[in-house]
Amino acid sequence: MNAHRPLIGVTLDSEQPSADGQPGYSRFPWYAIRQNYMDMIAECGGLPVALAHDPDLATALVARLDGLVVTGGAFDVPPDLYGATDQHATVQTKPRRTLAETALVHAALARGIPVLGICGGMQLLGVLLGGTLVQHIPDTYPAALPHEQPNPRNQPGHDVAIVADTRLARLVGQDRLPVNSAHHQAVADAGRGVICATAPDGVVEAIELPDHPFCIGVQWHPEFGISTGDRLLFEGLIDAARQTGT
């Protein structure tokens, strides 16, 4: 492995304080991230660093990064960001997080550093590329698979078909991958992006931006390392980031 470890910014989730007398991590607002995001980046040769939710710092932060990972979480992109006039009853938003991640993605795309969007991060990426979202999969896909899988997240929920001749296909070297699944929304229109993977029920599972050095969004959680393709995705991000940092 190359001794140079590129600096990879990782976005955080945010949680509200626990009420007085109730169990919880803190009685003050706090950030959160699953350990395996950081572990996978480190195992693949990157140097992960957590990014605070401050849009005003986005440009300065990205100026020091070699790559960006936009993580998932139990929340949704505000529908008004993609022109929707109504909001499904299941939609839950975290405006401060979305503002910060929006600023980070714009800065990363402008600077040309690699970007990987995971689950909700893919959905935000799709919106920022001019696309739209399905607000609740069962309403749009009546015969949909259980995209909020009942089995543990470290096990596959279904397969995805990789579109031939895409960056994702070249990266993972396969036309089908087993993936985990933990989402109720999906990309409907990828805007300037290109759809590069779908589920058997037609739900969009990955997008990419062809004219960018590395800009991929996946709907599953590759940080769990379900398949060899998951690790190859992170290794591709780190390799691209290593070029950015040279």
Side-chain angles (χ1 to χ4, degrees), residues 1-2 5-6 8-13 33-50 66-74 113-126 145-183 185-187 193-201 203-209 212-242:
M1 180 182 294
N2 192 314
R5 283 184 173 267
I8 308 298
V10 185
T11 67
L12 300 168
D13 202 355
I33 190 168
R34 248 187 296 101
Q35 183 176 325
N36 58 358
Y37 280 109
M38 302 301 215
D39 288 350
M40 180 64 86
I41 291 169
E43 289 169 10
C44 292
L47 187 64
V49 59
D66 301 313
L68 174 67
V69 174
V70 185
T71 63
I113 67 171
V115 177
L116 174 61
I118 294 175
C119 199
M122 165 183 155
Q123 294 166 10
L124 178 62
L125 183 61
L145 296 167
H147 286 274
E148 294 184 281
Q149 68 184 54
N151 56 312
R153 297 294 186 256
N154 62 350
Q155 299 174 7
H158 60 78
D159 285 358
V160 298
I162 310 296
V163 178
D165 298 322
T166 59
R167 180 185 294 273
L168 181 62
R170 292 190 293 272
L171 199 58
V172 303
Q174 301 174 62
D175 60 8
R176 188 168 295 274
L177 289 178
V179 301
N180 51 13
S181 191
H183 61 107
Q185 297 199 328
V187 167
V194 170
I195 295 170
C196 52
T198 57
D201 56 9
V203 169
V204 174
E205 290 283 339
I207 61 173
E208 61 186 49
L209 185 60
H212 191 275
F214 185 107
C215 181
I216 296 176
V218 297
Q219 192 59 75
W220 64 94
H221 283 271
E223 70 276 10
F224 281 94
I226 299 291
S227 72
T228 57
D230 286 345
R231 188 178 181 93
L232 288 169
L233 183 60
F234 274 96
E235 289 179 350
L237 170 76
I238 303 303
D239 287 343
R242 194 170 281 129

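Side chains are part of it too, since the values below use all heavy atoms of this structure and drop only hydrogens, waters and symmetry mates. Start at 1 with the first residue, then count along the sequence.
- Residues His221 and Glu223 bring a donor and an acceptor atom of their side chains to less than 3.5 Å of each other.
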Stepwise side chain to side chain contact (heavy atoms under 4.5 Å, CB included) check, Asp13 with Thr71 | CA-CA 8 Å; Asp13 202 355; Thr71 63; 5.8 Å; no

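- Side-chain atoms of Gln174 and Ser227 include no donor-acceptor pair closer than 3.5 Å.
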For Leu125 and Leu116, what are the C-alpha separation, side-chain angles and deciding distance, and is it a side chain to side chain contact (heavy atoms under 4.5 Å, CB included)?
-> CA-CA 9 Å; Leu125 183 61; Leu116 174 61; over 6 Å; no

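- When every heavy atom of Ala186 is checked against every heavy atom of Val204, the shortest pair comes out as CB-O, 4.4 Å.
- Formation of a donor-acceptor pair under 3.5 Å by the Arg167 side chain with backbone atoms of Leu209 is not found in this model.
- Between His183 atom NE2 and Gln149 atom CD the span is 9.0 Å, to the nearest 0.5 Å.
- Taking CH2 of Trp220 as the start and CD1 of Ile226 as the end, the distance is 11.5 Å to the nearest 0.5 Å.
- Interatomic distance, Arg242 CZ to Leu237 CG, rounded to the nearest 0.5 Å: 10.5 Å.
- Under the 4.5 Å side-chain criterion, counting only non-hydrogen atoms from C-beta, Leu171 is in contact with Leu233.
- Rounding to the nearest 0.5 Å gives a distance of 13.0 Å between CD1 of Ile118 and CG of Leu124.
- What you find for Cys119 and Ala182 is that their closest heavy atoms are SG-O, 3.7 Å.
- Taking each heavy atom of Ala240 and Phe214 in turn, the nearest pair found is CB-CB, 3.8 Å.
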Would Ile238 and Ile41 count as a side chain to side chain contact (heavy atoms under 4.5 Å, CB included) if you check the C-alpha gap in whole Å, the side-chain angles of each, and the deciding distance to 0.1 Å?
-> CA-CA 8 Å; Ile238 303 303; Ile41 291 169; 4.2 Å; yes

Worked check of side chain to side chain contact (heavy atoms under 4.5 Å, CB included) between Gln219 and Ser181 = CA-CA 7 Å; Gln219 192 59 75; Ser181 191; over 6 Å; no

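- For the pair Gln123 (side chain) and Gly126 (backbone), a donor-acceptor distance under 3.5 Å is absent.
- Screening Gln155, Met40, Arg153 for a side chain to side chain contact (heavy atoms under 4.5 Å, CB included) with Phe224, the sole residue that qualifies is Arg153.
- Atom CG of Asp39 and atom CZ of Arg34 lie 11.0 Å apart (nearest 0.5 Å).
- Looking only at atom types and distance, the side chain of Asp201 has no donor-acceptor partner in the side chain of His158 under 3.5 Å away.
- Residues Leu12 and Ile33 share a closest heavy-atom pair of CD2-CB, 3.9 Å.
- When every heavy atom of Gly72 is checked against every heavy atom of Tyr37, the shortest pair comes out as N-OH, 3.2 Å.
- Remark: the backbone N or O of Cys196 is not paired with any side-chain donor or acceptor of Glu208 at under 3.5 angstrom.
- Expressed to the nearest 0.5 Å, how far CG of Asp159 lies from CG of Leu177 amounts to 8.0 Å.
- Counting only distance, with no hydrogens or angles, the side chain of Asn151 and the backbone of Pro156 share a donor-acceptor pair below 3.5 Å.
- Across every non-hydrogen atom of Val69 and Ile8, the tightest pair is CG2-CG2, 3.8 Å.
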